[in-house]
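Not measured: the values here are computed from a predicted model.
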Amino acid sequence: AVPSLSNPTFMQAHQLATRMGLLPHKRMIVRTIDTGGAGPITSLGTARNMILSGWTDTVAVVASDAVLSMDREAFRARADESVRGSGLPSPAIPHGYDRVAQWHMRRHGVTREQLAMVPAIFSHFAARHPDAMCRRPFGVDEVLASPRVAPVTNVLECARRADGAAALVVASSSHFRRHFGKPLELCPAIVSTGEASGPLYPPAEIDEDLFSCERAARIAFETAQLSVRDIDFFALYDCFPICFLRALEAVGCCPVGDAGEFVERAWRKLSAHGALAPAEFPFNLHGGLACFGAPWEVPAMYGVLEAVAQLTGRAGPDRQIAPKPRRALVYGNGGIFSASAVAVLGDGVY
């Protein structure tokens with residue numbers, strides 16, 4: 001399990017397992033994994049390693065929180081406390097990402113409009129998902145007209161506070177064969193994972209060494225003996241637009257510095273035709289953090305569930321990529337570019 005901001009307890013997974021009556025149990029291993037928003041992807045890697053090591057046949061990964069139900073000021077205080085010592089003004093996390101966005105604008109020429117295009121695109125995708133919080137598409141002008149949170153960050157560009165939960169079970173191939181038949185006919189494999197770390201918050205002088213997603217993606221690709229050309233769907237963390245832009249560059253969808261133009265091309269196509277087919281922009285088709293919803297450390301799990309839906313052909317007529325994807329990449333980001341975890345799902349060498 002991952003920690004909860006709204007109901008923080010010591011050893012969250014043990015608390016949950018105890019309340020469910022699962023402990024004491026001589027054969028059960030329980031872990032709380034805290035890599036921030038990267039936690040669900042870190043958990044996939046942990047589950048895979050536990051199964052490959054022979055410790056177990058099945059692992060349940062659980063993530064839940066209720067930050068929308070929290071008092072607004074209590075939420076702000078606890079979120080600020082999570083990056084204590086940063087020296088950032090409140091709200092600290094938006095201001096931290098904003099600093100990086102400003103740096104990226106100066107260094108790589110990303111425009112304010114290109115940043116706003118990220119949630120605008122995903123609002124169109126979220127409107128197709130029955131569980132998304134954003135029920136109608138909005139445009140760049142509406143993003144830029146929403147209340148300002150930090151110098152180049154507005155409300156509609158922030159991960160959307162939500163109450164929510166998600167869970168999945170990771171099982172060994174032998175378990176699937178024993179109970180269900182051929183495993184990949186039912187569920188994709190965790191082909192590989194990669195992790196890397198950066199500081200909890202941006203240093204006084206930002207440079208390329210701040211970002212850890214590139215290293216995490218490289219490990220995942222090398223372990224899987226694959227490249228970005230082998231990936232058909234991407235669930236990339238987008239707590240703020242700059243996070244999504246850096247992720248596009250980190251996993252190799254475009255060169256460093258070109259993500260703004262990459263997004264703008266998609267937005268122009270969407271604006272011209274009124275919609276984007278899933279295969280035309282195979283990213284965060286559930287709507288991402290700003291539009292689907294973000295219960296603190298849960299959202300990367302929503303990306304995993306969308307990847308599973310895509311890989312198994314169950315995403316529905318409005319979101320399903322055709323032909324059905326063979327592989328997906330999921331990325332979770334914790335802190336302010338602090339923890340990066342990447343997993344490749346689907347077919348592969350494993």
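- Between Arg148 and Thr153, the side chains place no donor N or O within less than 3.5 Å of an acceptor N or O (distance only, hydrogens not considered).
- Taking both residues in full, the closest heavy atoms of Ala300 and Gly37 are given as CB-O, 3.5 Å, listed atom of the first, atom of the second, then distance.
- Between the side chain of Asp238 and the backbone N or O of Pro241, no donor-acceptor pair lies under 3.5 Å.
- Stacking of Arg160 on the aromatic ring of Phe292 is not recorded, the 6.0 Å distance cut-off and the 45° axial limit not both being met.
- When the options Tyr201, Phe244, Phe240 are evaluated for a ring pair (Phe, Tyr, Trp, His ring centres under 6.0 Å) with Tyr97, the one that passes is Phe240.
- Summarising the geometry of Ala120 relative to Gly139, their closest heavy-atom pair is CB-C, 4.1 Å, with the distance given to 0.1 Å.
- Aromatic ring orientation, Phe262 versus Phe281: tilted (interplanar angle from 30° to 60°).
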Indicate every side-chain donor-acceptor pair of residues 57-66 with a distance under 3.5 Å to a residue at least two apart or in another chain.
residue : atom : partner : partner atom : Å
Asp57   : OD1  : Ser172  : OG           : 3.2
Asp57   : OD2  : Arg178  : NH2          : 3.1
Asp65   : OD1  : Ser4    : OG           : 2.9
Asp65   : OD1  : Ser6    : N            : 3.0
Asp65   : OD1  : Ser6    : OG           : 2.5
Asp65   : OD2  : Leu5    : N            : 2.6

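- Each of Leu200, Leu88, Leu210 was evaluated against Ile336; a single residue qualifies, Leu88, per the side-chain contact (heavy atoms from CB on, under 4.5 Å) test.
- A centroid separation of 6.0 Å or more is found between the aromatic rings of His286 and Phe125.
- Sorted by first then second residue, the side chain to side chain donor-acceptor pair (under 3.5 Å) pairs that include residues 293-303, not counting sequence neighbours, number zero.
- Contact annotation: the side chain of Leu276 approaches that of Lys269 to within less than 4.5 Å [non-hydrogen atoms, C-beta and beyond].
- In this structure, the side chain of Gln310 engages the main chain of Ile321 through a donor-acceptor pair within 3.5 Å.
- No donor-acceptor contact under 3.5 angstrom links the side chains of Thr223 and Ser192, judged on distance only.
- Judged purely by distance below 3.5 Å, without hydrogens or angles, the side chains of Ser340 and Asn333 never pair a donor atom with an acceptor atom.
- Val263 and Leu248 make their closest contact through CG2-CD1, 3.9 Å (heavy atoms, listed as atom of the first residue, atom of the second, distance).
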- Query: Should Ser197 and Ser212 be marked as a side-chain hydrogen bond (donor to acceptor under 3.5 Å, both in side chains) after you check the CA-CA gap, both sets of side-chain angles, and the distance that decides it?
  - Reply: CA-CA 6 Å; Ser197 299; Ser212 54; over 6 Å; no
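- Below 30°, between 30° and 60°, or above 60°: for Tyr331 and Tyr237 the angle between ring planes is above 60°, a perpendicular geometry.
- Aromatic pair Phe283/Phe122: centroids not less than 6.0 angstrom apart.
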